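Residue numbering restarts at 1 for every chain, and letters A, B, ... go by the order of the sequence lines. Keep in mind that this is a model prediction, so the values were computed, not measured.
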Amino acid sequence: MTAMFSRVVMKLSKLPLIPCMPTLKNRLKHESLFLCYCGFPSLIRSFSQTPKVYQLNKKISHLIRSGRLSEARDLFDSMNERTIITWNSMINGYVQRREMAKACQLFNEMPKRDIVSWNLMISGYISCHVGRYIEEGKKLFDQMPERDFVSWNTMISGYAKNGRMDEALKLFNKMPERNIVSWNAIITGFLLNGNVALAIEFFKKMPKRDSASLSALISGLIQNGELDVAARILHEYGNIDEGKEDLVHAYNTLIAGYGQKGRVEEARHLFDQIPNYKGQTDVGKNKFKRNIVSWNSMMMCYVKVGDIVSARDLFDKMIERDTFSWNTMINGYVQISAMEEASTLFAKMPNPNTFSWNSIISGFAQIGDLKLAKDFFERMPHKNLISWNSIIAGYEKNEDYKGAIKLFSRMKLEGHRPDRHTLSSVLSVSTGLVDLYLGRQVHQLVTKTFIPDVPINNSLITMYSRCGAIIEARYIFNEMEPKKDVISWNAMIGGYASHGFAAEALELFELMKSKVHPTYISFISVLNACAHVGLVEEGKRQFHSMINEYGIMPRVEHFASLVDIVGRHGQLEEALDLINNMPFEPDKAVWGALLGACRVHNNVELAQVAAEALIKLEPESSAPFVLLYNMYADLAQWDDAEKVRVSMERRSIKKQTGYSWVDSSNCHR
DNA sequence: GTAGGGTTAG
């Protein structure tokens, strides 16, 4: 009874003051209002306010809604007549901004409070999402003279969202009467805490459900990875034929859920089940119809699987589009790199927001057009952290390390705090520059800013080992226990291999095989390690084990290593055999390995073959000429040496200092 | 659209 009555009051309180009652309908309204006044003195006060106060209250709430809190406070202070709603609105303003001290001050100052005042304060404390504040909320809840559904439900959802389901359930069981919102709060709580089974049990047990119950369950199930369960629930409880309930939320959620998993056909099936009404704006009371979110979600599904044609088809068919629709479409083009279409759409789009600008920037960065990326970056009106991260990552990926560093300093100067994405890029910059000093600084910044996750730790390992600080790399690797992925192992083994610690690389590789499945990259490092210390048989064994035991097809890098291994051991004919029989066109690493081996074993004939192949692949490189020249000089074949020098001069190639094939061929990643 | 609770795409 109380529940029904309070619902009536809620409805009526939305009605404006009625100056006269010419119609029967209005008279009924008035009489019901009168009834309510009798039971709820606070409502009499609310409704007996003068039109002036009503207007000013409205103004305050409007100011708060548009984020102009201080203006609202000025207006509040200037009012000489205030109602409870005036106070409550102002308190609400502070509660929204989580300024609980100010809210609390007003709450204490106000001459009379009603249930809403208390509820506002409770919800403020709850939303702070800090453990001790929830207790402040509970204190108020216990103190308040009377409670309604909102009081109970606020408190329940507060506990549920803080993972304290025991307390939430205690209140749920204690409350005199429960409504749909109480049940929804409990179900959401279970889902937040990963208790799928109880969430479903409560959902089935609740006496009455609404579309929010279904939406909450569906989205929670998807967040718990239970996509198929969610689909079954929707099938069972989402009665399309009724058409009264606003099912489109639940449908949209599931469409997006399928999209995340790339199950685009199932998403489309759902999308097609939602009535479209082909552009009719007024389809009566039927709320179950496609809305802009349905279209956007379906588009996202197509974008996700790279089906840009279908996405565009939907985009073109949409009767109205919002910023989200445009961004999804632009992002779709960005993801398949086709940038012309993306920038055309961007130019056509009515109100590009920061998200749109960021998409365009990272798109141009992706295709290596740093100039355009930077252009857009400088022109955009509001740069956020993602904008900075996109442009810095773009510079890093395109190996403009100095540019990346410059942007990073500027970003800090302009008052943006780097996050893990920023620092990951700057870490890669340190690796690219082989700048241990910078790398250490970034490492410190990482430690200060957040707890490093697996990808960041992997970048740290790579940075330290690439900079030669192998002990520090190993330290990070050990600290990661037990959270390592295959990249961590590859980074560490690669670090050992490239610095000649073959024994350590092989030992770690044996350990790796007992924990995770190696990848082709692991084998590049292992072969590399074998090459370094001349482990010929071990190298061959690993090469065959990769193919036969791990089913990994050898790539040109593996062949380059193998050529290096056998060639250095003096088996130059076998090395040449390998090159002639490998299933790829040999690249510069392969010929470089052979040339290096020829130099070691003074095989000038074969060296000539390798050098010629290299010159064909890289006509502007001086390395093969220099190596060949040195070989002839060593053998005192001065005529041949002179020929090489002349030929090099004819091609106007200058000797690059500090460059040698023997070194570079050992530096595979 | 004068104040408070549960749900929806990035």
Side-chain angles (χ1 to χ4, degrees), chain A residues 10 13-17 42 46-47 49 51 53-66 83-93 95-96 110 113-124 126-127 147-158 160-161 178-189 191-192 206 209-220 222 245-257 259-260 267 291-301 303-304 322-328 330-331 353-356 358-359 386:
Chain A
M10 287 303 287
S13 66
K14 303 252 188 264
L15 293 172
L17 276 174
S42 66
S46 321
F47 281 92
Q49 63 197 349
V53 178
Y54 174 84
Q55 286 307 325
L56 288 176
N57 285 348
K58 217 169 152 174
K59 181 94 206 238
I60 286 188
S61 123
H62 172 78
L63 286 172
I64 288 170
R65 260 200 306 276
S66 18
T83 62
I84 292 197
I85 291 186
T86 323
W87 288 87
N88 286 350
S89 304
M90 203 59 234
I91 290 178
N92 181 43
V95 160
Q96 302 278 317
M110 66 195 293
R113 299 171 193 133
D114 66 1
I115 243 180
V116 177
S117 329
W118 289 87
N119 288 345
L120 273 167
M121 291 301 293
I122 296 175
S123 109
I126 299 270
S127 317
R147 302 180 192 100
D148 63 3
F149 279 130
V150 179
S151 331
W152 287 95
N153 292 341
T154 310
M155 211 54 235
I156 289 175
S157 93
K161 281 183 182 165
R178 288 164 279 272
N179 64 8
I180 294 184
V181 176
S182 331
W183 286 88
N184 289 351
I186 287 290
I187 290 171
T188 317
L191 291 165
L192 278 173
M206 62 195 292
R209 285 174 278 268
D210 64 5
S211 58
S213 327
L214 193 62
S215 296
L217 185 61
I218 298 284
S219 90
I222 290 171
E245 286 280 6
D246 190 6
L247 280 173
V248 72
H249 287 165
Y251 270 72
N252 291 345
T253 312
L254 196 55
I255 288 174
Q260 296 245 308
N291 62 16
I292 210 160
V293 179
S294 327
W295 288 85
N296 289 346
S297 306
M298 195 58 232
M299 255 169 63
M300 286 256 309
C301 296
V303 164
K304 170 97 185 167
D322 61 5
T323 307
F324 190 92
S325 331
W326 286 89
N327 285 347
T328 307
I330 290 174
N331 216 20
N353 61 11
T354 307
F355 188 99
S356 336
N358 289 346
S359 291
I386 298 174

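- In summary, the side chains of A:N252 and A:S294 do present a donor paired with an acceptor at a separation below 3.5 Å, with no hydrogens or angles considered.
- No hydrogens or angles were tested; on distance alone, nothing pairs the side chain of A:N92 with the base of B:dA3 as donor and acceptor under 3.5 Å.
- At a cut-off of 3.5 angstrom, the base of B:dG5 holds at least one donor-acceptor pair with the side chain of A:N179.
- Side-chain proximity of A:M300 to B:dT7, B:dG10, B:dA3: nearest is B:dG10.
- Donor-acceptor pairing under 3.5 Å is recorded for the side chains of A:S182 and A:N153.
- Whole-Å rounding puts the A:K58 NZ to B:dG1 P distance at 9 Å.
- Summarising the geometry, the separation between CG on A:L247 and P on B:dA9 is reported as 16 Å, rounded to the nearest angstrom.
- For A:R209 and B:dT7, the shortest distance from a side-chain N or O to OP1 or OP2 is not below 4.0 Å.
- Side-chain proximity of A:N296 to B:dG5, B:dA9, B:dG1: nearest is B:dA9.
- We find that the ring of A:F324 and the base of B:dA9 stack, their centres lying under 5.5 angstrom apart and their planes tilted less than 30°.
- Comparing B:dG5, B:dG10, B:dA3 by their closest approach to the side chain of A:S157 singles out B:dG5.
- Spacing between atom CD1 of A:I186 and atom P of B:dG6 amounts to 13 Å, rounded to whole angstrom units.
- In this structure, A:Q260 reaches the B:dG10 phosphate: one of its side-chain N or O atoms is under 4.0 Å from OP1 or OP2.
- With rounding to whole Å, A:M206 atom CE is found 15 Å from B:dG6 atom P.
- In this structure, the nucleotide among B:dT7, B:dA9, B:dA3 sitting nearest to the side chain of A:S297 is B:dA9.
- Distances from the side chain of A:N153 to the nucleotides B:dG10, B:dG5, B:dA9 place B:dG5 closest.
- Side-chain contact annotation: A:T86 with A:T83, donor-acceptor N/O pair under 3.5 Å present.
- Side-chain contact check for A:N184 and A:S213: at least one donor-acceptor pair (N or O, by modelled atom type) lies under 3.5 Å.
- Atom CD1 in A:I85 sits roughly 15 Å away from atom P in B:dG1 (whole-Å rounding).
- Between the base of B:dG6 and the side chain of A:D210 there is a donor-acceptor pair shorter than 3.5 Å.
- Looking at the side chain of A:R65, the nearest of the listed nucleotides B:dG6, B:dT2, B:dG1 is B:dG1.
- Phosphate proximity of B:dG6 to A:K161: present, with a side-chain N or O under 4.0 Å from OP1 or OP2.
- You'll find the side chain of A:M300 stays beyond 4.5 Å of the side chain of A:I255, heavy atoms only.
- When distances are taken from the side chain of A:D114 to each of B:dG5, B:dA3, B:dG6, the shortest belongs to B:dA3.
- Note on A:S89: every side-chain N or O is 4.0 Å or more away from OP1 and OP2 of B:dT2.
- Atom CD1 of A:I64 and atom P of B:dT2 are 13 Å apart (whole Å).
- Between the CD1 atom of A:I218 and the C1' atom of B:dT8 there is a distance of 12 Å, rounded to whole Å.
- Put simply, A:S61 has no side-chain N or O that comes within less than 4.0 Å of OP1 or OP2 on B:dG1.
- B:dT2 atom P lies 17 Å from atom CE of A:M90, rounded to whole Å.
- Residues A:N92 and A:S89 have side chains that never bring a donor and an acceptor to within less than 3.5 angstrom of each other.
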